[in-house]
Structure formats: C-alpha cells, structure tokens
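Structure first, commentary second.
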Amino acid sequence: MDIKVIDAVQMPLYDKFVEEYGGVFNYSIWKSNVHKEKLIYYGIYEKDGQLAGVFHLYFAKKFGFTFIKNPPFIPNIGLVFNNRSVNNANNLSYVKDILEAVTAFIGTQSFSVLSIALPSSIVDTQPFFWNKYKVVPNYTYQHSLAETEAEIEKRYSVNSRNAVKKAVKDGVEVKLSNDYSIVKQMVKNTFSRREEGFDEALIDSILFKLATPQNSFAFVAYWENKPIAVSFCLFDKNVTYYCLGGYDHNSTHRGAGALCIHKSIMLAKEMGNKIFDFEGSMIPEVESYFRSFGPVMLPYYTINKAKLPFEMILKFIKREKF
Amino acid sequence: MSIKLLDTQKDRIVYEAFCKKQNASVFNSMSWLGIYGEHLQLYGIFNNNDELTGALFIFKTKKKTFTLNITPPFSANNGLFFENRSENNSNIQTTVKHVMEEVADFCKKLNSDLLVFVLPASINDAQPFIWKKFKVKVKYTYHVDLALTQDALLANLSSEKRKSLNKAQKDGLEIKESTDMKTVKQLILKTFSRKQVSKNIVYLDKILFEFANVSNAIAFVAYDKGEAIAATFCVYDSGTAYYLFGGFDSAQKHHGAGVTCMWNSILKAKELGLRTFDFEGSMLPEVEKYFREFGGKLTPYYEVSKAKFPLSLYYK
C-alpha cells in the first residue's frame, strides 16, 4: 500500500470517496472553509493504484516546533477505507495492513509532538503499539436512533427527564434556528465563563462558512422571549454530532440546555440518522451531563508520541497520554 | 460503597454463591484462586447495606524491596465483576462509573511500587483511572463467537489455516482429547522461553496438575506416528473457553498439528455449549497473526498501571 498527499487534481476523487465511505468530518469544506493549508488530506492506494482509503492530519507550528494533532472541532483523523474482504480472517488482515501503512507513513513525518485520535469504528491500534506509540482510550457517548422516541427518552436519567419536562412546563420554547449568530454569542459566553480560549475566527468559519442547512442545525431555547440556551449539531447521512452548546448564565433555566439536546436527538432521528454522537466526553462534568441522556459509552483511541525533550516534559504535565 | 479484603475461608460460601449468581469467570473460582496461595488477595465490593456486590483480586508479591500488586500469572485479568441492579441505561452506566471510581481509589490506596490491574474485556469504562492519572494501555485478544455453525467457523478461517487443517488430515496426524497433563506439559515447556519457565513453572504445574479436570479444562494433543508433537490447553467456565497454553516439538514440527489442536479446542468448546472462545491475549506480532487467522473478533481490554520511581522508568 502506498500513501500520498491528495492534491487539488485528486480532490474530486477524494470527495467522491468520502461521500460513499466517510462522514461530515471528512468533507473537504473543512479544508477550504476552515483549516486551509494546515489540514492535509492523504490517500491510501492499493498496489494497482486504486484509492482504498483516506485520512487527514493537521499540522500546527509553535515556536518553530511541529505538532500533529486532530484538526480543531474534528474529533479524529478521519480514517476511512473500503474493506472488500468477506472472510473474517481476511477482513482483520486488511484492517491490519491499512493501519500498518498509516503507522509507517506517520513515522516518516517530522514532528515534535503527535497526538491524534482514530475514529471509534477503528478498534485495532496494534501497529501503533508495536511502533512505540502510546495508545490511550478516550470516550464518547452515542445514542442509537433505531429505537422509538419513547424508548430513547426512557434511557435518560430521572434528572434529565425531569429537567426536560420542567422546561416544557415552564414555557421554555425551543426553536430550530438558522440564525447562527445567536449560537455564536451563547457559545462565546459559555467559553468565557469557563475561562476557556474562544477562537472567534475558527467558530466564525464553522458557523458561517462551513455550516449549511444540508449539514447542520441549531436549536435555540427562549424563555420570556430571550434566548437562554443553544445546541449546534453537524450531520451526515448516518450520524448527527453534537458540536457546540451554550447557555446564558444570567437567565439560566435548568432544563433549557437539556431540552435543546433532547430536541436535537429527536430531530436527528426524524431525519433518518442512525446515531446521535455526543462527540467526546473526557471532562468529568461534561461526561456526567452527557451520560444522563442514557447513551452508550464508546471508546475511541488516541495515539501519542513526543520526541525528546518534549516527552520528558509531557510525562509530567500530560502523564495520562505520554 | 466499600472494598474490603475477604477471608477465603470464612467468606468462601458467600463469595462462591455470589460468583454462581453472577456467572463469574473461571478465574474467579476458588479452585483457580487457590493456586496462588498466600500471594492472592481477594477483595469484595460492598454496597452501603454491606452486601457483597462485586469482587476483584490482586497478586501481591515482593521483588527485592519493591511491593508489587499485579495480575496473577496466567489469569486473564484481575477478576473484577459486580452486580448492576440498575435498569435504566443512564443509571446502569452511572453504577459502572461509581464502581470504577471506587476501584481506582482502592488501587491508589494500595500504595504499591508497581500496580498492574487488568480489566476484563467486558468492562470498557477506564475513565476513572485516566482521571486519577493511572496509565491505561489498550491490549487485545481475539474472541470466536461459538454461536456460529461449524461451517461458518470454518469459513471464517484464513485459507492458510484451512490448508493446515487439510494437511494435518492428509498426513494422518491423530488429534486426541487428553487428560495426560504430563505430555501436555512437556510440549508446553518446549515452547516456553527459558525466562518464562523459571518464572512461572510453579503455577504451570499447579494449573495442569492441581486445577485442571474434565469439568474446567480442555486439552488436545496431536500425534504423528504415535509421537506427541503439539498440544493446546484451555480452561473454561459456563460461557467461555480460554486458550492458556500451547506447545509443539520443534524437532518434529508439522504445519497443521497446533492448528488442528486449536481447531478441535474451538469445536469442543462449542460442543460444551459455551458462547465464546477467547485466545486470551495477543500482543506479540507473530502470535497475533497466528490467532487472527482463526477469524475471531479483535477485542480490546485495558491494562491499568501505576509505578513509583524508579520502577516508573522501567514499566512504560
């Protein structure tokens, strides 16, 4: 197998491939509208030159050092491939071959620190382990949308169910909104309250350049005619991803955020999606909030490696990863 | 919730009844745990009403001046299992989270120079350990689903494995189920590295000659012209057979001998009504490939560890 950068000429082939095998985070609009030249797409080619798979890497420079990581707001390296094997043993061997090729390719890249994630659909990280990468499980929560609405709701914790009910009872009104400036404002307030960095240019490019009604939706909760909470999701033909959420700290209603998420889950189901993905939950308070909606916990794997002396430093400050 | 040391004599009846109720694995059985003698520390997880709701075990040993709390040799994991009475999905996950938080706290308090705790593949929530700064490694095993028909199991094998089976048959190898653990041991020892032998021979003997019987172990031996040339040894419980050891005579190596022993072990496990055949770990590249070709499902499990300086430099 051979791995090569996908250039502008091959982009239509890439787009066609990800339309069939990939999802919203593979779409090339992430490169053209959001991450530009920092995001590089790669093709995995069979010996006969056929495109068998794709993935991407995001290169960031800081103080002259190169960091390879997941692109901001993209959960993983978008590795997807077409596995045509029918027999179980061959199927496993094909996955192993792809991952060995990706591992070998990443090994040829020049970086100071590498920290990337594989999609949750990829279980096999052995080629990375054998090549001295640190593999650490991370988690997301997913709802199967094959169940009825009532069954999905039954999975919620009592607190979440009551919060949703209370919001409805109190007259909190949740509306599907095209006005993503409300989303931006609410998310900005939430970020600044948590004293987290808010990259305005990045959020702008996602909300106003990347997001379209064909790949996103947002719910805004109003109370006493004022927007008090939002949820923003991206979707493809199979999965809806909860990407951003926020609420107004001054006029918060306990159930408004929960009601926005509830509506998002139900809309994803109505659209015919198979899965609602909460898109990562490694922060304890966020994890317990997502868990209260009763989804299934799903591991995905992060791959980490740092060159000396970064490794020594990271062993102290990011011990769980390095 | 609390975790307390169990007295293997006094608490035995309660513990065994609980294991039976929860269909605990063979590695949780008292007959298995008994092989480790005083190194074995069996702990109970108790709810707020002081009822036994779970268990785990640790192999405690000393090396030079270091205290090691690790997974017992040849045990698949540290036997963590617990009762989850919740029905609603959110509550089920919350119970798991609480137990795992409690176990992570408990592991921290053990004050080991090196702690290695392997979670069963059925437990995928290692988050509390990550949050408490343990190292969590992903490891793998292969599981064969025994609900499949024999034809489907055969179809899942790689063509190389099928060829090996055919070759063994064509060459007239005789594959017999065996209770002759001396022969099994001899073949295992021919495959074990010297280091492995010196480290684990005591427990190998205890497993083969004290633990194993027809109700908990399966062994197959391949004979070529009357001479034993390969063997497999598995232990099993009510749901799963675990492949523990295999061996072959490198002087009389036959391509299909080991493969046919393994294939017969899988079929025997199916015949016993078990649900899963577990290859019990496959992190060495050459072993992994050998197991992979049996067409099972690659199944991750987690190894949690924490080491104090200077062991932290060695245990990565």
Side-chain angles (χ1 to χ4, degrees), chain A residues 85-93 95-96 100 122-130 132 134-139 141 143-144 147 151-161 281-284 287-288 290-303 315-316 318-322, chain B residues 86-94 96-97 101 119 123-140 142 144-145 148 152-162 282-285 288-289 291-304 306 312-313 316:
Chain A
S85 315
V86 182
N87 162 291
N88 238 32
N90 295 347
N91 200 303
L92 292 162
S93 292
V95 174
K96 193 73 78 188
E100 275 169 358
I122 293 176
V123 173
D124 188 357
T125 63
Q126 275 184 321
F128 287 101
F129 176 80
W130 290 332
K132 312 282 177 209
K134 291 261 157 64
V135 180
V136 180
N138 273 214
Y139 296 89
Y141 278 111
H143 256 303
S144 162
E147 294 176 315
E151 280 167 341
I152 292 171
E153 248 182 281
K154 218 172 142 186
R155 289 171 159 261
Y156 294 5
S157 70
V158 175
N159 284 349
S160 278
R161 262 202 308 266
S281 57
M282 287 306 286
I283 303 162
E287 184 277 329
S288 67
F290 288 169
R291 190 191 336 134
S292 72
F293 288 92
V296 172
M297 189 184 208
L298 198 69
Y300 64 94
Y301 300 111
T302 65
I303 311 295
K315 270 192 189 303
F316 287 101
K318 287 264 179 197
R319 193 183 155 133
E320 68 279 11
K321 276 190 173 180
F322 294 89
Chain B
S86 310
E87 284 171 9
N88 157 293
N89 218 47
S90 172
N91 296 346
I92 290 171
Q93 309 229 34
T94 299
V96 174
K97 188 72 73 189
E101 278 167 353
L119 300 175
I123 295 178
N124 80 355
D125 187 357
Q127 237 176 359
F129 288 97
I130 296 171
W131 289 334
K132 289 177 197 297
K133 308 284 179 200
F134 284 81
K135 277 207 174 131
V136 180
K137 272 189 209 167
V138 186
K139 297 203 158 188
Y140 295 90
Y142 279 104
V144 174
D145 178 5
L148 297 172
L153 290 172
L154 191 65
N156 277 340
L157 301 185
S158 70
S159 55
E160 287 78 8
K161 285 283 183 285
R162 276 197 299 267
S282 57
M283 290 306 283
L284 303 170
E288 185 278 328
K289 187 170 184 294
F291 290 168
R292 190 201 315 152
E293 288 182 343
F294 284 94
K297 185 183 174 202
L298 184 70
T299 306
Y301 62 96
Y302 303 123
E303 180 196 278
V304 172
K306 200 165 210 152
S312 58
L313 298 175
K316 290 191 177 181

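Sequence lines set the chain letters: A, B, ... in the order given, protein chains first and strands last, and positions in each chain run from 1.
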May I ask you to decide if B:I123's main-chain N or O and B:Y302's side chain share a donor-acceptor pair within less than 3.5 Å? no

Which bit of A:P127 is near chain B, if near means a heavy-atom gap under 4.5 Å: side chain, backbone, both or neither? neither

The interface call for A:S93 against chain B, heavy-atom contacts under 4.5 Å, is both

In terms of relative ring orientation, are A:Y156 and A:H143 parallel, tilted or perpendicular, with 30° and 60° separating the classes? tilted

If you draw a 6.0 Å radius around NZ in B:K289, do more than 12 non-hydrogen atoms from other residues or ligands fall strictly inside? no

Is the backbone of B:N156 close enough, under 3.5 Å, to the side chain of A:N88 for a donor and an acceptor to pair up by distance? no

Which atoms of B:I92 come close to chain A, meaning under 4.5 Å heavy atom to heavy atom: side chain ones, backbone ones, both, or neither? neither

Closer than 3.5 angstrom, by distance alone: can the side chain of A:N87 be matched with the main-chain N or O of B:L157 as a donor-acceptor pair? yes

Comparing A:S288, A:S160, A:P299, A:P295 against chain B, the one with the most heavy-atom pairs below 4.5 Å turns out to be A:P295

Chain A contact via B:A126 - which portion, at a heavy-atom distance below 4.5 Å: both

Does any heavy atom of chain A fall under 4.5 Å from the side chain of B:T94, the backbone, both, or neither of them? both

Leading residue by heavy atom contact count with chain A [cutoff under 4.5 Å; candidates B:F294, B:Y140, B:Y142]: B:Y140

Most chain A-contacting option - heavy-atom pairs closer than 4.5 Å, from B:G296, B:S159, B:P128: B:G296

If you measure from the Lys or Arg side-chain nitrogens to the Asp or Glu carboxylate oxygens, is any gap between A:R155 and A:E147 under 4.0 Å? yes

If I measure from the heavy atoms of chain A, does B:I130 come under 4.5 Å with its side chain, its backbone, both, or neither? both

Assess whether a salt bridge exists between B:K97 and B:E101, defined as any Lys/Arg side-chain N lying under 4.0 Å from an Asp/Glu carboxylate O. no

Top of B:K161, B:E293, B:E288 for chain A proximity - count of heavy-atom pairs under 4.5 angstrom: B:E288

Check this for me: does any side-chain nitrogen of one of B:K297 and B:D145 sit under 4.0 Å from a carboxylate oxygen of the other? no

Point-to-point distance, once rounded to the nearest 0.5 Å, from CE of A:M297 to CZ of A:R291: 7.5 Å

Looking only at heavy atoms and a cut-off of under 4.5 Å, which of A:V136, A:N90, A:D124 has the most pairs with chain B? A:D124

Identify which of A:S157, A:P284, A:S292 forms the greatest number of heavy-atom pairs closer than 4.5 Å to chain B. A:P284

With a 4.5 angstrom heavy-atom cut-off, which part of B:F129 approaches chain A: side chain, backbone, both or neither? neither

Atom group of B:E87 that falls short of 4.5 Å from chain A, counting heavy atoms: neither

